[in-house]
Asker: 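My questions all concern the structure below.
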Amino acid sequence: MRQSVPKVSVPDRPSLEGLEAKWDRRWAEQGIYRFDRTRPREQIFAIDTPPPTVSGSLHLGTVFGYVQFDSIARFWRMRGKEVFFPVGWDDNGLPTVRRVQNHYGVRCDPSLPYQPDAWIQAEPGHERPVSRRNFVELCHELTASDERVFEEVFRGVGLSVAWELVYTTISDRSRRVSQRAFLRNLARGEAYLSEAPTMWDVDIQTAVAQAEMEDRPTPGAYHRLRFHRADGGDVEIDTTRPELLAACVAVVVHPDDPRWRDLVGTEVRTPLFEVGVPVVAHPLADPDKGTGVAMICTFGDTTDVVWWRELGLPSRSIVGRDGRLQAERPDWLTTEAAAGAWAALATKTTASARRETATLLAASGELIGEPRPIEHEVRYYERGERPLEIVTSRQWYLRNGARDEQRRDALLAAGRALSWHPDFMRVRYEHWVGGLNGDWLVSRQQVFGIPFPVWFPLDEEGNVRYDQPIPADEATLPVDPQSDVPPGYTESDRARPDGFVGDPDVMDTWATSSLTPQIAGSWEDDPDLFARVFPMDLRPQGPEIIRTWLFTTVLRSQLEHGSLPWTDASINGWILDADRKKMSKSKGNVVTPEALLHEHGADGLRYWACSAAPGTDTAADPAQMRVGRRLAIKVLNASKFVLSMTGGSGEVTETLDRSMLARLRSTVTDTTAAFERYQHHQALERTEAFFWSFCDDYLELVKSRAYGRGHDQEDAATGSARAALSLALSVQLRLFAPFLPFVAEEVWSWWQEGSIHRAPWPARSELDLAGEDDLSVLEVVAEVLGVVRRAKTTEKRSLRSPVARLEVVGGPERLGAVDAARTDLVAAGSVAELVLREGPEPETLVVLGDASRA
RNA sequence: GGGCGCUUAGCUCAGUUGGUUAGAGCGCAGCCUUCACACGGCUGAGGUCGGAGGUUCGAGUCCUCUAGCGCCCA
C-alpha cells in the first residue's frame, strides 16, 4: 500500500470566498459535465429532470430538489457512468401568459394586426391590448431573460448539468415532439374529439382537466324553493345555486326514500319560470341533505352531469363561457312570468344572478324563509379565482384508463414495476389512477402554447366537419394551423366553404411536459441518442405533481413505447419556512435561493438540502446551512494540515493507521450502499461522522509522528502516518465531492491532477488492509484520549498541559491496543508516564502534572 | 368520510432488515487562544422514543386501538 504524493501547493489562508465563480468557470471551460454520447446505454445514467416553470424567480423548493439529485448524479458519474443530466425550462402555457401580462402591462387581443417593429415597454399595471403575434414575441423575450437568471442560480449551486442539453418546452423541438406524439395518439385512436360538459374557468376562458382542479371552502347559502305539484301542493327543495333555476331539467329523490315514493314519475312546475320537469329517482340523491329532494340543472356541479347522463335528461344550458347568463331568452321559457323573470337575470354573472333570483323568489312568495349561509367546498382551477362552471364544449381527450379497465390495469402495473423512493409514494399514484373519472382533457383555449397539428374541412355550406380532422404531415412539424395550410389546400381556402379552418386550441402544458424524456432525448430527431438514454434511469420530482407530471409521463410512454419511461422515481419533500408553514407567495414567507446562496455559500446550501431524507418535508433552516458552511471550512483547514505533513512516500505499517483506514473502509461501504438506494442523506451523514472523528482523534494522535518529531525524516513510522493521511484525505474528499463539490474540488486541485468530479469513486480495494491485527485500536485509544481531555477540562487546564501519569486498566486486548499506539498517545496527551495494568474492569486513571508547569 | 405520512433531547432531524448503556447538529453551560482551523477547539448537562395494549428471550424499529399535526382524494 504505497501512496506517492505529487507536488503540493496549498494556499496560506484557504477560504471559501470566490470558489463558486472560479470552479463554475473552470468546469465549463473543461467540459467536466458534458455528456459523452458515444457511450453505450449500459454505461449511461439518464435523468429525466423536472423543467422549472419560468417566472420571476426560482423557487427554493426547486433548488432543494435539484441539489439532492445532483448529489446522486455526481455519485454515478464518479462511479464511472456517463450521466445524462439535461435541464429544461417550462416556458409554455398560462404561467408565462400571466407573467407577460403583469410584467409588460399588456393583454392579448387576437383581433389586432401584428406590428412588426413594435417596441413595447414594460408598464406594469396597464392592460394595453397587443396582437397575438406581438404577445407571443413578448413571451419569448421575457422567458429568455428569465431563463438566463435561472441558469445563473443553477450554476451558482453547482449543479452538474450538461448545459449543451438545455431545452425549453416552447422550442421547435418540443413543439415537434408534442405534435408528433399527438398525431400518433390520434392515428391509434387514443386521442379523440368530443363535445361534452366540461369544467370551465370563466375568467381565463379555458377548459380545465381533473388534475388541475382543487376544492376550496367558499361561502354560499341554502335557498329553500317552492316547486309546484300538479295536484296543487308544493315540494320544497334546497339549493345553493338558485340562479340555475332556469336550467332545471328534473328534480331527483332517492329511490328508497318513503317520503317521496309517490312523487316519482309525476311532474312538478319550477318556481318563477313555470317549466314542467319530471321527478326522477337516483341513488346519488342524499335523503339527509335538505328536504331529500334536489333539483338537477345543466349544470351546477359534477353530480348534475352524472344524473343528466345516466337518466338521459335534456340539456338546458344558460351559463355562457364568460360566466354570465346568456342574453337571449331560452326557448323553453314560454310564459309571460318566465319571460319577465328572465329579463331581470339575463347577462348577469352567476353571483349577481343568484342574489337577483332570491329577490324574485321572495317577491313571488316562492322562497321559504331567508337564505341560510354555509361554507362549502367548491371546485376551482388551481390557478383560477372564481369557481368553475360546467359548460358544454368540444375538446380533445386522451384515453388514460378512466374508461378502459385493461388500460387502467396496465397503468397500475406500471406503477408497481417502478421503484419509488420513498416507497410509500407509490400509493399516491395508485389512488390517482384508481380514482380517475374521465379521460384526460388536453385542449386549452389559450394564447400561448403548442397548437394541435390539425385542421378541419368545411363543407359546401361552410360548416366545420369536426368528425374529419386533417392531420399534419409529420415531416412538416412543427406547424401552426392558424398560419400553416393543410396538405392539399392553399391559404385562399382558409375559412371558405369547401375550404378548411385550423384547430384554434393549444395543448395543456402537461401534454408537453409528459414528454420530457422524448424531448430531452430527441426522440425521432436523433434516434441514436434516444436509444442510448431511453428508457431512463431516474425521474426525480416533487410530491405534488405525481398525479400530473409523473402519471402523464408514464401514460405517454406506455402509449408510445409500451414501456416505463424510467426504472426509478425519487420524490423529494416540501420546503417549509422556519415556522414549518408551507412557503407561498401569498403568505410572503418565500426565501429566495439567491439570498441564501449569497449568505451561506453553495456548499452550505447544498449541505442543508442533502441532509434531508427523500420525501421528507424540510424547513428552510439557516442554522443547518451555517453548519454546512462550517464543515466546508473545516475541510479546507484539515486538508491544509494533512498536506503540510505529507511528503516523500511510505507504507502504512502502524496499527493505529491501519485501524483508521479500516474504519474509513467501512464508511466507504456504507456510503456507497446508501447512494445506491438513493439515500443521499445517509451517505452524507456517514461521511461527515467519519470526518469529524478523523479530525478530533486521529489527526491529534498522529500529528507528532507525522511531523517526524524525535525521528529521522524517513522513519518508517512517520512514513506510515503520512501515507495513511494522504490516502484518507483522498478518499474523504471524494466522498464529500457529491455534496460539497466546490470545496472538494478546491482541495483536490492543491495536490491532484484533473477534476475530482471525474475521479473514481472510492473503492474498498483502495483500502485493502493485509494482516489480521486488531483494527479497533483507534476506537480504544480515542476513548482513552477522551478521558485525558476530560480530566484536563475538569481541572480547567489547557489541553497541552502535562499528564504526570496515565494508567490504563483492562484486559489483554485493551492493553494491546493502547500499547500499539503508545508513542502517539503519549505525544497527543503530553503524558510523562504511561502504565498498563491488567484488571477485570476497563478503567483509565489520569494524574495531572504540576499546574505551575502547565 | 377514505387513504398516506409524521409525532425520538429546548429546537431541527438521523435511526437501514427488531438485538449490547437511543445518535447528530443547533441552542445552552463550562473550559482552552496564537506551532491546521476564533468562519475555531475541547468537555458537559439534557430524551426511554405522542398515549394504551399486544407479539417476542428482546421493540423507537412489527401488530391493534387511540390522540394531535400535515398532505392527498372524496
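Quick note on labels: first sequence line is chain A, next is B, and so on, each numbered from 1.
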Asker: Using modelled atom types and a 3.5 Å cut-off, is there a donor and acceptor pairing between side-chain atoms of Trp608(A) and backbone atoms of Ala619(A)?
Answerer: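 Such a contact is found between Trp608(A) side chain and Ala619(A) backbone.
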Asker: Just how far, in rounded Å, is P of A38(B) from CD1 of Ile633(A)?
Answerer: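 Those two atoms, CD1 and P, are 10 Å apart.
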Asker: When you measure from the centre of the six-membered ring of Phe739(A), is the NZ or CZ of Arg606(A) closer than 6.0 Å and no more than 45° off the axis?
Answerer: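 Judged by the rule, Arg606(A) and Phe739(A) form no cation-pi pair.
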Asker: Considering just the side-chain nitrogens and oxygens of Lys796(A), establish if one lies under 4.0 Å of OP1 or OP2 belonging to C42(B).
Answerer: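 So the side chain of Lys796(A) is outside the cut-off, no N or O lying under 4.0 Å from OP1 or OP2 of C42(B).
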Asker: So, is Arg626(A) near the phosphate of C26(B), with a side-chain N or O under 4.0 Å from OP1 or OP2?
Answerer: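 For Arg626(A), the contact criterion (side-chain N or O under 4.0 Å from OP1 or OP2 of C26(B)) is not met.
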Asker: Between Gln682(A) and G15(B), is there a contact of a side-chain N or O with OP1 or OP2 at under 4.0 Å?
Answerer: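 Yes.
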Asker: Measure from the side chain of Arg13(A), starting at C-beta and using heavy atoms only, and say which of A74(B), A38(B), U16(B) lies closest.
Answerer: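 For Arg13(A), the side-chain atoms sit closest to A38(B).
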Asker: Between Tyr698(A) (OH) and C37(B) (P), how many Å, whole number?
Answerer: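 My rounded result for the distance is 20 Å.
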Asker: How far does CZ of Phe641(A) sit from NZ of Lys703(A), to the nearest 0.5 angstrom?
Answerer: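 Reported value, rounded in 0.5 Å steps: 4.5 Å.
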Asker: Please determine, for A36(B), whether a Watson-Crick or G-U wobble partner exists with both distances under 3.5 Å, and give it or none.
Answerer: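 In the structure as shown, A36(B) has no Watson-Crick or wobble partner.
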Asker: Looking only at the side chain of Trp574(A) (C-beta and beyond, no hydrogens), which of the listed nucleotides G44(B), G30(B), C71(B) gets closest?
Answerer: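 In terms of side-chain proximity for Trp574(A), the closest of G44(B), G30(B), C71(B) is C71(B).
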Asker: For G5(B), give the paired nucleotide (Watson-Crick: N1-N3 plus N6-O4 or O6-N4; G-U: N1-O2 and O6-N3; both under 3.5 Å), or none.
Answerer: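 In the structure as shown, G5(B) has C69(B) as its Watson-Crick or wobble partner.
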Asker: I'd like to know if Glu779(A) pairs up with Arg814(A) as an ion pair, taking the criterion as any Lys NZ or Arg NE/NH1/NH2 lying under 4.0 Å from an Asp or Glu carboxylate oxygen.
Answerer: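 Answer for the salt bridge query: no.
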Asker: Could you tell me whether the side chains of Ser570(A) and Arg539(A) share a donor-acceptor contact shorter than 3.5 Å?
Answerer: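 No pair is found: no donor N or O on one side chain lies under 3.5 Å from an acceptor on the other.
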Asker: Is there a Watson-Crick or G-U wobble partner for G30(B) with both distances under 3.5 Å, and which nucleotide is it?
Answerer: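 G30(B) is paired, partner C42(B).
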Asker: Please report, rounded to the nearest Å, how far the P atom of C39(B) is from the CD atom of Glu599(A).
Answerer: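 Result: 16 Å.
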Asker: When you match Pro14(A) and Asn637(A) each to their closest nucleotide on RNA chain B, which lands nearer the 5' end?
Answerer: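 Final value for this comparison: Asn637(A).
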Asker: Does a side-chain N or O from Ser611(A) land closer than 4.0 Å to OP1 or OP2 of A24(B), or not?
Answerer: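 Answer is no, no contact under 4.0 Å.
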Asker: OP1 or OP2 of C26(B) less than 4.0 angstrom from a side-chain nitrogen or oxygen of Arg630(A), does that happen here?
Answerer: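 Checking C26(B) against Arg630(A), a side-chain N or O does come within under 4.0 Å of OP1 or OP2.
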Asker: Return whichever of Lys634(A) or Arg686(A) has its heavy-atom-nearest nucleotide of RNA chain B closer to the 5' end.
Answerer: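 This one resolves to Arg686(A).
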Asker: Under a 3.5 Å threshold, yes or no: a donor from one side chain and an acceptor from the other, between Ser419(A) and Tyr678(A)?
Answerer: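 Judged by distance alone, the side chains do not pair up.
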Asker: Choosing from U12(B), G15(B), G44(B), which nucleotide comes nearest the side chain of Asp621(A)?
Answerer: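 That would be U12(B).
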Asker: Whole Å only: how far is the NZ atom of Lys792(A) from the C1' atom of G44(B)?
Answerer: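 After rounding, the reported distance stands at 18 Å.
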Asker: Whole angstroms only, please: what is the CD-P distance between Glu795(A) and C32(B)?
Answerer: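 Taking CD of Glu795(A) and P of C32(B), I get 12 Å after rounding.
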Asker: With respect to the phosphate group of A74(B), does any side-chain polar atom (N or O) of His431(A) fall under 4.0 Å of OP1 or OP2?
Answerer: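 False: His431(A) side-chain N/O out of range (4.0 Å or more) of A74(B) OP1/OP2.
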Asker: Please state whether the phosphate of U16(B), meaning OP1 or OP2, lies under 4.0 angstrom from any side-chain nitrogen or oxygen of Tyr678(A).
Answerer: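 The answer is no; no side-chain N or O of Tyr678(A) sits under 4.0 Å from OP1 or OP2.
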Asker: The side chain of Arg379(A) lies closest to which of these nucleotides: A74(B), C71(B), C26(B)?
Answerer: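 Nearest to the side chain of Arg379(A) among the choices is A74(B).
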Asker: From C-beta outward on Ala638(A), which listed nucleotide comes closest to its side chain: C4(B), C42(B), A36(B)?
Answerer: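 Among C4(B), C42(B), A36(B), the one nearest the side chain of Ala638(A) is A36(B).
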